[in-house]
Amino acid sequence: MNNQLTGKHGIYDALPTIFSYISVAIAFGIIAKSAGLNFWLIIMISMFTYAGSSQFVMISMLATNAPILSIVIAVFLVNARMIIMSMVIAPYFKNDSLTKNIWLGTLLTDESFAVSVNKLNYTNRTLNFTWYNSVNLFSFLIWLLSTIIGAWIGNLIPDPKAFGLDFAVVAMFIGLLYMQVISDNTLSKMLQISLIFVVFALVYFGLIIIPANLLLIVITFITCTLGVVIKHAIK
């Protein structure tokens, strides 16, 4: 990763996350096919929902004939963290039109958010539409293509977990976290590692009393607030 914010470099910067898109989307296609969903319906879910874990929730609920309203609410709750991520990214595009901001928010994912946060360490805290749109579009196209492959070979792989495909997204986020820590020079490494352990502790104990989907939102608010307070205190 470097300080270039061109469309071409957007593709380069997105490459480290692409393998997770491929493996998880293929796993989604396979699981959706095994759940009895139509080939074209699987593709439309990836095209119009494009929400990773929410898509797995959707197909599991569709398979049990859950009410549409329940599916909509469940998908919203699982994906509610995107509201927070969009709020974090939005200030860097305040000079762009509302239409462009909505477009970037529509294709925002956990992975592209992590890529953008890491990119800030190389660009003097600046981003532009061309670079981020390139990251998002490239990631979306890879996700869609991988879903098509998964739906096509779905009948050949009855149990994707046997191949470890379900761990791909976890491995990818471990890599992104490592990249963020080693490239961010605004905070000491010890402080960053300490905050990581704080998050681990909050997740571990929070799961005892808070549902997992809600816990993600709560911890995001807590740790973001803590990070802002510490950063301002250091300044």
Side-chain angles (χ1 to χ4, degrees), residues 1-28 46-47 49-55 78-96 100-147 167-187 189 192-193 195-196 199 216-217 219-220 223-224 227-228 231:
M1 190 171 285
N2 53 37
N3 63 355
Q4 300 299 307
L5 288 169
T6 65
K8 180 177 69 174
H9 284 89
I11 294 175
Y12 291 158
D13 293 335
L15 284 175
T17 67
I18 292 306
F19 292 106
S20 70
Y21 281 103
I22 293 172
S23 56
V24 176
I26 289 177
F28 167 74
S46 269
M47 183 180 294
T49 305
Y50 185 46
S53 57
S54 295
Q55 293 182 206
V78 172
N79 230 39
R81 66 191 184 281
M82 294 302 166
I83 299 174
I84 303 171
M85 293 181 185
S86 298
M87 291 170 64
V88 172
I89 292 298
Y92 298 101
F93 302 96
K94 59 184 177 183
N95 294 325
D96 291 298
K100 287 185 176 180
N101 274 268
I102 292 174
W103 176 247
L104 291 178
T106 300
L107 294 181
L108 177 69
T109 65
D110 296 300
E111 294 85 352
S112 66
F113 174 79
V115 170
S116 66
V117 171
N118 194 33
K119 187 70 172 181
L120 291 170
N121 297 312
Y122 297 87
T123 61
N124 195 28
R125 316 304 293 178
T126 60
L127 297 173
N128 65 31
F129 177 82
T130 300
W131 176 84
Y132 207 23
N133 189 47
S134 179
V135 171
N136 284 342
L137 279 177
F138 181 57
S139 301
F140 173 70
L141 291 174
I142 293 297
W143 177 268
L144 190 59
L145 178 61
S146 300
T147 299
F167 188 73
V169 69
V170 177
M172 182 274 301
F173 275 114
I174 292 173
L176 287 174
L177 177 61
Y178 172 75
M179 290 169 58
Q180 173 66 19
V181 170
I182 64 173
S183 61
D184 189 350
N185 295 319
T186 60
L187 296 173
K189 296 295 182 286
Q192 292 183 64
I193 294 173
L195 286 173
I196 291 171
V199 173
L216 182 62
I217 301 172
I219 290 180
T220 300
T223 52
C224 285
V228 170
K231 196 162 187 176

For the side chain of [X] and the backbone of [Y], is there at least one donor-acceptor N/O pair under 3.5 Å apart?
X: Thr106; Y: Ile102; result: yes
X: Ser86; Y: Met82; result: yes
X: Asn79; Y: Ser54; result: no
X: Thr49; Y: Ser46; result: no

[X] to [Y] - nearest heavy-atom pair and separation:
X: Ile22; Y: Ile142; answer: CG1-CG2, 3.6 Å
X: Thr17; Y: Val115; answer: CG2-CG2, 3.7 Å
X: Tyr92; Y: Arg125; answer: CE2-O, 3.4 Å
X: Gly7; Y: Thr130; answer: N-CG2, 3.7 Å
X: Asn133; Y: Trp103; answer: OD1-NE1, 2.6 Å
X: Leu120; Y: Thr126; answer: CD2-N, 3.8 Å

*Tyr132: partners by ring-ring contact (aromatic ring centres under 6.0 Å, His included), with sequence neighbours left out*: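 So Tyr132 forms a ring-ring contact (aromatic ring centres under 6.0 Å, His included) with Phe93.
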*asked:* The criterion is ring-ring contact (aromatic ring centres under 6.0 Å, His included); which residues satisfy it with Phe140, sequence neighbours excluded?
replied: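 With sequence neighbours excluded, Phe140 shows a ring-ring contact (aromatic ring centres under 6.0 Å, His included) to Tyr50, given in chain and number order.
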_Taking OH in Tyr12 as the centre, count heavy atoms belonging to other residues, nucleotides or ligands within less than 6.0 Å. Is the count above 12?_
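No, not enclosed.
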*Can Tyr21 and Thr109 be counted as having a side-chain donor-acceptor contact under 3.5 angstrom?*
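The criterion, which ignores hydrogens and geometry beyond distance, is satisfied for Thr109 and Tyr21.
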Can you tell me how far the [atom1] atom of [X] sits from the [atom2] atom of [Y], to the nearest 0.5 Å?
X: Leu145; Y: Ile26; atom1: CG; atom2: CD1; value: 8.5 Å
X: Lys100; Y: Asn128; atom1: NZ; atom2: CG; value: 9.5 Å
X: Ile11; Y: Lys8; atom1: CD1; atom2: NZ; value: 10.0 Å

*Run the side chain to side chain contact (heavy atoms under 4.5 Å, CB included) check on Thr123 and Trp131 step by step: do they pass?*
CA-CA 12 Å; Thr123 61; Trp131 176 84; over 6 Å; no
*Not counting sequence neighbours, which residues clear side chain to side chain donor-acceptor pair (under 3.5 Å) with Ser146? List them please.*
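Side chain to side chain donor-acceptor pair (under 3.5 Å) check on Ser146 returns nothing, list empty.
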*For Ser116 and Val135, run side chain to side chain contact (heavy atoms under 4.5 Å, CB included): C-alpha distance rounded to whole Å, both residues' side-chain angles, the deciding distance at 0.1 Å, then the answer.*
CA-CA 9 Å; Ser116 66; Val135 171; over 6 Å; no
*Could you give me the CA-CA distance, side-chain angles and deciding distance for Ser139 and Glu111, then say whether side chain to side chain contact (heavy atoms under 4.5 Å, CB included) is met?*
CA-CA 9 Å; Ser139 301; Glu111 294 85 352; over 6 Å; no
*Are side-chain heavy atoms of Leu5 and Lys119 found at a separation under 4.5 Å?*
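They are in side-chain contact.
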*Output, in order, the C-alpha distance, side-chain angles, deciding distance and verdict of side chain to side chain contact (heavy atoms under 4.5 Å, CB included) for Asp13 and Gln4.*
CA-CA 10 Å; Asp13 293 335; Gln4 300 299 307; over 6 Å; no
